[in-house]
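A short worksheet on the structure shown next.
As the structure lists them, so they are numbered: ligands from 1, and atoms in each ligand from 1. Given the structure is predicted, the values throughout are model-derived calculations rather than measurements. Excluded from the calculations below are hydrogen atoms, water molecules and symmetry mates; all remaining heavy atoms, backbone and side chain alike, are included.
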Amino acid sequence: MSTEHPSGNVHVITHPLVQHKLTLMRRKDASTNSFRRLLGELSTLMAYEITRDMPLSDIEVETPLETMTGKVIDGKKLVLVSILRAGNGFLDGMLTVVPGARVGHIGLYRDPQTLQPVEYYFKMPSEMEERDIIVVDPMLATGNSAAAAVAKLKELKPRSVKFMCLLAAPEGVATLQKAHPDVPIFTAAIDRELNDHGYILPGLGDAGDRIFGTK
Ligand code: URA
């Protein structure tokens, strides 16, 4: 259950359970425990939506009664790529519904001089050219890290790339779509704007701090 954003390849997941849980997560007095639990539940629900068009192939299966042709997910295992560190908050919930998925990690920090993302960690499964990728990061803020991560992943020539976040700022959507118009964005909401410190308004604060209980 999602609606297409007028700007194109952006899907806002409008399922009532997703919207309800997102609102609970936004509350400033949500504990680390409940924030993390809600993120886990939300990522399971969002994983269900984002995998809706995964290609299937036919296989023969023997039931206790006869042989039939069944459907299975086609190709090599899906890869979930977490943008460190907040992206890790999405992994457990998504792996609940796609337990065989492989997991990659990308670490990026913002250079204080150029304000551009600089990579400090990159670890992916093998045979990426035969795989579908879902890049996960709860907050699509400026979009610079997401765009850089997708550019780096495209060098590995994967079969497809999608991007999944919890909240997006219009600025982040524009940046990622401009750099990678072929990459669909799945989000639970598009908020109003970014503030001068790069936080999404109204947002939910620092997703990494809220997931890990740091400050
Ligand atoms: N990252 C966050 O964790 N929160 C924001 O609002 C923006 C970027």
Ligand 1 N/O to protein N/O, distances under 3.5 Å:
| residue | atom | partner | partner atom | Å |
| --- | --- | --- | --- | --- |
| ligand 1 | 3 (O) | Ala207 | N | 2.7 |
| ligand 1 | 4 (N) | Gly205 | O | 2.8 |
| ligand 1 | 6 (O) | Ile200 | N | 2.7 |

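- Atom OH of Tyr48 has 12 or fewer heavy atoms from other residues, nucleotides or ligands within 6.0 Å.
- Every pair tested for salt bridge (Lys or Arg N to Asp or Glu O under 4.0 Å) that includes a residue from residues 9-18 fails, sequence neighbours excluded, so the list is empty.
- Glu129 CD: more than 12 foreign heavy atoms inside a 6.0 Å radius.
- The shortest side-chain heavy-atom distance between His15 and Leu45 does not fall under the 4.5 Å cut-off.
- Screening residues 136-147 for salt bridge (Lys or Arg N to Asp or Glu O under 4.0 Å), with sequence neighbours left out, gives no hits.
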Would you mind writing out the side-chain donor-acceptor pairs for residues 150-157 within the sub-3.5 Å range, not counting sequence neighbours?
| residue | atom | partner | partner atom | Å |
| --- | --- | --- | --- | --- |
| Lys154 | NZ | His180 | ND1 | 2.9 |
| Lys154 | NZ | Asp182 | OD1 | 2.9 |
| Lys154 | NZ | Asp182 | OD2 | 3.1 |

